[in-house]
Amino acid sequence: MKAILQRVTRADVSIDGKTVGAIDRGFLILLGVEQGDDKKEAEVLAAKIAGLRVFTDENDKMNLALSDVNGGVLVISNFTLCADCSHGRRPSFIAAARPETAEPLYDFFCDKMRDNGIDKVERGVFGADMQVSLINDGPVTIDINSKDLKR
């Protein structure tokens with residue numbers, strides 16, 4: 001499972017001009033579910049993200065986690081994170097999990113964010129054509145793959 005986190009002061013997602021999810025301070029999370037991912041991957045990734053200390057404290061040091069700043073998350077499913085660009089010019093998405101596997105894991109990941117103390121968990125719509133807007137804070141952008149995390 002892959003995630004791109006962007007620390008934001010504001011983010012929202014819309015479909016056909018209608019906002020379906022929005023947060024103020026927190027993380028915009030683009031989430032890619034790969035073949036072979038399971039609930040354990042989602043649990044480990046959610047716990048890591050919830051505990052990351054990348055918000056600044058009173059000394060301007062990245063020392064605070066989401067819960068310390070009452071931050072929220074906007075989680076957007078994004079199968080294109082699973083792209084393989086190693087051959088040719090057209091990415092291959094064969095590594096992305098099929099929707100019938102990916103959608104329940106996406107939902108489970110969102111639930112695990114809540115279980116890890118994040119009160120505001122907003123979502124996009126799985127499989128929809130979405131428009132995402134954000135104000136990146138820093139900018140701080142972090143790439144995390146659950147396969148690289150200790151279990």
Side-chain angles (χ1 to χ4, degrees), residues 1-16 18-55 62 65-67 69 71-151:
M1 195 168 284
K2 295 180 176 183
I4 302 292
L5 313 177
Q6 294 184 291
R7 187 179 74 183
V8 299
T9 56
R10 182 186 130 341
D12 64 69
V13 59
S14 61
I15 299 172
D16 296 326
K18 181 180 177 213
T19 300
V20 295
I23 61 165
D24 290 319
R25 190 175 194 190
F27 287 138
L28 168 66
I29 303 172
L30 302 176
L31 186 71
V33 180
E34 298 176 291
Q35 287 188 35
D37 286 344
D38 56 24
K39 288 183 174 182
K40 186 64 177 170
E41 305 272 339
E43 287 179 87
V44 168
L45 188 61
K48 175 61 85 172
I49 291 171
L52 279 179
R53 296 178 2 193
V54 297
F55 293 90
M62 288 201 295
L66 273 168
S67 59
V69 299
V73 294
L74 174 57
V75 185
I76 306 294
S77 63
N78 191 326
F79 78 95
T80 63
L81 289 179
C82 304
D84 177 358
C85 297
S86 62
H87 296 83
R89 294 188 179 171
R90 180 177 293 172
S92 169
F93 300 104
I94 197 81
R98 303 276 312 148
E100 58 271 14
T101 300
E103 186 172 10
L105 283 174
Y106 165 74
D107 291 336
F108 184 78
F109 173 84
C110 292
D111 292 342
K112 287 292 138 189
M113 289 302 301
R114 204 170 267 110
D115 290 349
N116 278 282
I118 309 307
D119 293 330
K120 183 158 181 105
V121 178
E122 295 281 309
R123 306 172 187 213
V125 174
F126 187 91
D129 182 15
M130 298 173 275
Q131 292 70 50
V132 180
S133 299
L134 69 133
I135 299 174
N136 196 321
D137 182 20
V140 173
T141 303
I142 299 172
D143 174 12
I144 303 176
N145 189 323
S146 62
K147 290 168 182 48
D148 297 333
L149 302 176
K150 291 184 178 181
R151 293 175 179 240

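Computed from a predicted structure; not experimentally measured.
- The two residues Ala11 and Leu28 come nearest to each other via the heavy atoms CB-CB, 4.4 Å.
- Taking each heavy atom of Ala95 and Cys82 in turn, the nearest pair found is CB-O, 3.8 Å.
- A heavy-atom distance below 4.5 Å is found between the side chains of Met130 and Ser77.
- For Pro104, there are no side chain to side chain contact (heavy atoms under 4.5 Å, CB included) partners, not counting sequence neighbours.
- Interatomic distance, OG1 of Thr80 versus CG of Leu30, reported as 8.0 Å (0.5 Å rounding).
- Within the 4.5 Å cutoff, no side-chain heavy atoms of Leu81 are placed close to those of Leu31.
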The test is side chain to side chain contact (heavy atoms under 4.5 Å, CB included); show your working for Val54 and Leu5 and say whether it passes. CA-CA 11 Å; Val54 297; Leu5 313 177; over 6 Å; no
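- Among residues two or more places apart in sequence or in another chain, the side chain to side chain donor-acceptor pair (under 3.5 Å) test is passed with Lys48 by none.
- The ring pair (Phe, Tyr, Trp, His ring centres under 6.0 Å) search around Phe108 returns none, not counting sequence neighbours.
- No more than 12 heavy-atom neighbours from other residues, nucleotides or ligands sit within 6.0 angstrom of CG on Asp16.
- Here the two rings, on Phe126 and Phe79, have centers that are 6.0 Å apart or farther.
- Counting only residues at least two apart or in different chains, side chain to side chain donor-acceptor pair (under 3.5 Å) contacts with residues 20-31 are absent.
- Residues in residues 125-141 take part in these side chain to side chain donor-acceptor pair (under 3.5 Å) pairs, two or more places apart or across chains: Arg7-Asp137, Asn136-Thr141.
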Audit row: Val8, Ile135, side chain to side chain contact (heavy atoms under 4.5 Å, CB included) steps and yes/no: CA-CA 5 Å; Val8 299; Ile135 299 174; 5.7 Å; no
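- Atom CD1 of Ile29 is separated from atom CE of Met113 by 4.5 Å, given to the nearest 0.5 angstrom.
- For Gly124 against Val13, the heavy-atom pair with the smallest separation is CA-CG1, 4.0 Å.
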Evaluate side chain to side chain contact (heavy atoms under 4.5 Å, CB included) for Phe27 paired with Ile118, printing each intermediate quantity in order. CA-CA 11 Å; Phe27 287 138; Ile118 309 307; over 6 Å; no
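- With sequence neighbours excluded, no residue satisfies side chain to side chain donor-acceptor pair (under 3.5 Å) with Asp119.
- Applying the side chain to side chain contact (heavy atoms under 4.5 Å, CB included) criterion to Glu122, with sequence neighbours excluded, gives Ile23, Leu74, Lys120.
- Applying the ring-ring contact (aromatic ring centres under 6.0 Å, His included) test to residues at least two apart or on different chains, none of the pairs has a partner in residues 128-150.
- Residues forming a side chain to side chain donor-acceptor pair (under 3.5 Å) with Arg114 (at least two apart in sequence, or on another chain): none.
- Glu43 places no side-chain N or O within donor-acceptor distance of the main-chain N or O of Lys112, the cut-off being under 3.5 Å.
- Residues passing the salt bridge (Lys or Arg N to Asp or Glu O under 4.0 Å) test with Lys2, sequence neighbours excluded: Glu34.
- At distances below 3.5 Å, at least one donor-acceptor pair connects side-chain atoms of Ser146 with backbone N or O atoms of Met1.
- Proximity of Asn78 to Ile4: side-chain heavy atoms (C-beta onward) are nowhere separated by under 4.5 Å.
- The list of side chain to side chain donor-acceptor pair (under 3.5 Å) pairs with a residue in residues 85-109, not counting sequence neighbours, reads Asp84-Ser86, Asp107-Arg123.
- Here the closest heavy-atom approach between residue Leu45 and residue Ala3 is recorded as CD2-CB, 4.0 Å.
- Scanning all heavy atoms of the two residues, the minimum distance from Ala83 to Phe93 falls at CB-CE2, 3.4 Å.
- Shown here are the side chain to side chain donor-acceptor pair (under 3.5 Å) partners of Asp37, two or more places apart in sequence or in another chain: Lys147.
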List the steps, then state whether side chain to side chain contact (heavy atoms under 4.5 Å, CB included) holds for Glu41 with Leu105. CA-CA 9 Å; Glu41 305 272 339; Leu105 283 174; over 6 Å; no
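- Residue Ala65 comes nearest to Ala50 through the heavy atom pair CB-O, 3.7 Å, listed as atom of the first residue, atom of the second, then distance.
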